[in-house]
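There's a structure below that I have some questions on.
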Protein chains: 2
Amino acid sequence: MDSAAARERALDAAEKLFYGRGVRSVGMDDVRGTSGVSLKRLYRLFPSKELLVEAYLERRDARWRERLAAHVDRYEDPERRVLAVFDRLEEWFAEPDFRGCAWINAHGELGATSPRVVAQVRAHKQAFRAYLARLVADAGLPGTVTGQLYLLAEGAMVTAGITRTTEPAARAREAAVLLLRAA
Amino acid sequence: MDSAAARERALDAAEKLFYGRGVRSVGMDDVRGTSGVSLKRLYRLFPSKELLVEAYLERRDARWRERLAAHVDRYEDPERRVLAVFDRLEEWFAEPDFRGCAWINAHGELGATSPRVVAQVRAHKQAFRAYLARLVADAGLPGTVTGQLYLLAEGAMVTAGITRTTEPAARAREAAVLLLRAA
DNA sequence: ACCGTAGGAGAACGCTCGTTCTCACGTCAA
DNA sequence: TTGACGTGAGAACGAGCGTTCTCCTACGGT
């Protein structure tokens, strides 16, 4: 198994465990057990747990935004594309292992102690917001709408994570429709 | 120092430390050091750390909702009372030691491992939502508005916690005004 | 004065976990 | 063949922490 493959396996295990059980309740030994990558190799690839966490968030961010964009790209109509964001949320919330937003959870868990994690969380949220801003601009809507839709999306993520239901996505979408109509 | 006073001191310290640095990075010994309540007494009052965490969330919930209600009660006009919720959020976000929503943070930190904490978080969020529902009903607005305002508020809390700005409150309020107008 | 008890300070225990080290094995170059 | 090196399995180390225990002090009742 070459270095790149070991890295992927380690990140697969890290993502599954960190997201599913929380970062702090997962030990490096658990990551080794799940990934099959030895501790020695793990530490050569990621010199500390914090760096593994950072890499996990970074890779998940790229994939998360890819999947969002892929969903949005199903549509041509600019307003429909904006609403597609909320459709994607609903799809996400319905995934069987959904446990809330990984970045919000990581921030709650490590925001007070790990500046690297905070930076990852802010970068992810800012990227999501920027993407939303572009969709809003492409639809010819005023920029003020971006912040409002963003808050609805964040509220839906938090609430879905706490209640373990998909319903917040639909509620947020309804509110978004009203806000688009009002703008 | 009698039992009730020791309990208050312990909870004061627990709240300050748990909220400020996260639950897991605070040891019972830290709580003893900050509160001046001996370990022996601490464990007589709260037989485990988890129960101390539970009590901390419970007391904070009561106070948080009291302060919200007090703010809302400054106003008579039913619609104004609904918007006052967002004014209160802004005031809260501006407090110097604001570190996001204690329940969202606790859920991110302990949601995967502590059912008691999850129960506290759900109870708190449901109580907030119920309060909002009453304000909406008193203003003669359709019940569907409740969920929308709730998501805006939650989104504002999360975003204020991550960005450390008060701005999300104002944005949420603007969106709330539009939604009230549309209803 | 004397004893029983409550209380505090802090040591001690047992466990977890991040990180490093040991050691034995296999591989490839010269 | 030999020897340097990478690798894996897992022991070892050191720190932190939840929880309990020990010991000493102080006080209240008789």
Side-chain angles (χ1 to χ4, degrees), chain A residues 1-57 105-106 108-117 120, chain B residues 1-57 105-106 108-117 120:
Chain A
M1 176 164 55
D2 71 347
S3 205
R7 188 186 161 86
E8 285 307 295
R9 282 204 195 188
L11 286 174
D12 289 346
E15 178 158 12
K16 176 179 170 186
L17 295 171
F18 288 158
Y19 179 65
R21 314 201 322 234
V23 172
R24 295 192 72 158
S25 61
V26 171
M28 292 298 272
D29 210 58
D30 296 324
V31 176
R32 176 186 64 168
T34 301
S35 67
V37 175
S38 75
L39 273 186
K40 197 188 244 176
R41 227 175 173 185
L42 258 186
Y43 272 93
R44 189 149 17 83
L45 292 165
F46 308 98
S48 74
K49 186 182 182 183
E50 192 179 18
L51 292 172
L52 175 59
V53 174
E54 195 181 9
Y56 140 63
L57 290 174
N105 290 348
E109 205 179 347
L110 305 165
T113 54
S114 168
R116 304 189 90 102
V117 167
Q120 281 296 319
Chain B
M1 178 163 56
D2 70 346
S3 206
R7 189 187 159 87
E8 286 306 296
R9 283 203 194 189
L11 286 174
D12 289 344
E15 177 158 13
K16 177 180 170 186
L17 295 172
F18 289 158
Y19 179 65
R21 315 201 322 235
V23 173
R24 296 191 71 157
S25 60
V26 170
M28 293 298 272
D29 210 58
D30 296 324
V31 176
R32 177 188 63 169
T34 300
S35 67
V37 175
S38 75
L39 274 184
K40 199 190 243 176
R41 229 175 173 186
L42 258 187
Y43 273 94
R44 189 148 17 82
L45 292 164
F46 308 98
S48 73
K49 187 183 181 182
E50 192 178 18
L51 292 173
L52 176 59
V53 174
E54 195 180 10
Y56 140 63
L57 290 175
N105 290 346
E109 205 179 344
L110 305 165
T113 54
S114 169
R116 302 189 92 102
V117 166
Q120 281 295 320

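To find a chain, count down the sequence lines: A is the first, B the second, and so on, and within it residues start at 1. What's counted below: heavy atoms across the whole structure, side chains too, no hydrogens, waters or symmetry copies. For clarity, every value in this text was computed on a predicted model and none was experimentally measured.
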Which whole-number value in Å describes the distance from A/Arg32 CZ to D/dT7 P?
16 Å
For the side chain of B/Leu39, counting heavy atoms from C-beta on, which of D/dG18, C/dT20, D/dT20 is nearest?
D/dT20
Sequence neighbours excluded and cut-off under 3.5 Å, please list the side-chain donor-acceptor pairs for residues 24-33 of chain B, or say none.
unit_1: B/Ser25; atom_1: OG; unit_2: B/Arg21; atom_2: O; d: 2.6
unit_1: B/Asp29; atom_1: OD1; unit_2: B/Arg32; atom_2: NE; d: 3.4
unit_1: B/Asp29; atom_1: OD1; unit_2: B/Arg32; atom_2: NH2; d: 3.0
unit_1: B/Asp30; atom_1: OD2; unit_2: B/Arg21; atom_2: NH2; d: 3.3
unit_1: B/Asp30; atom_1: OD2; unit_2: B/Gly27; atom_2: N; d: 2.9

Which one, D/dA11, C/dG18, D/dT19, comes nearest to the side chain of B/Ser48?
D/dT19
Any B/Arg24 side-chain nitrogen or oxygen under 4.0 Å from OP1 or OP2 of D/dG16:
no
If each of B/Asp30 and A/Val37 is mapped to the nucleotide of DNA chain D with the nearest heavy atom, which maps nearer the 5' terminus, i.e. the 5' end?
A/Val37
Measure CG/A/Leu45 against C1'/C/dT19 and give the value in whole Å, please.
15 Å
Between D/dG6 (C1') and A/Asp2 (CG): distance, integer Å:
14 Å
Specify the separation, in whole Å, of atom CG of B/Asp29 and atom P of C/dA9.
11 Å
Report the nucleotide, chosen from D/dG8, C/dA9, D/dG18, that has the shortest atom-to-atom distance to any side-chain atom of A/Ser38.
D/dG8
Give me the atom names and distance for the closest heavy-atom approach of A/Leu11 to A/Tyr56.
CD2-N, 3.9 Å
Of the nucleotides C/dT19, D/dG10, D/dT19, which one has an atom closest to the side chain of A/Lys49?
C/dT19
Separation of B/Tyr43 atom OH from D/dT19 atom C1', in whole Å?
5 Å
With the side chain defined as heavy atoms from C-beta on, B/Arg41 is closest, among D/dG18, C/dG8, C/dA11, to C/dG8
Are any of the side-chain nitrogens in A/Arg116 or A/Glu54 under 4.0 Å away from the carboxylate oxygens of its partner?
yes
Whether the side chain of A/Glu109 engages the backbone of A/Val23 through a donor-acceptor N/O pair (distance < 3.5 Å, no angle test) should be reported.
yes
Return the value, rounded to whole Å, for the distance between atom CG of A/Leu51 and atom P of C/dT19.
9 Å
Given atom CG of A/Leu17 and atom P of C/dC17, what is their separation to the nearest angstrom?
12 Å
Specify the separation, in whole Å, of atom CE of B/Met28 and atom C1' of C/dG10.
16 Å
Beyond-backbone contact of B/Ser3 with B/Leu45, side-chain heavy atoms, under 4.5 angstrom
yes
Is any side-chain nitrogen or oxygen of A/Arg44 closer than 4.0 Å to OP1 or OP2 of D/dT7?
yes
Is A/Lys40 close enough to D/dT7 that one of its side-chain N or O atoms is under 4.0 Å from OP1 or OP2 there?
no
Would you mind classifying the nucleic acid contact of A/Val26 as base, sugar-phosphate or nothing, using non-hydrogen atoms under 4.0 angstrom?
sugar-phosphate
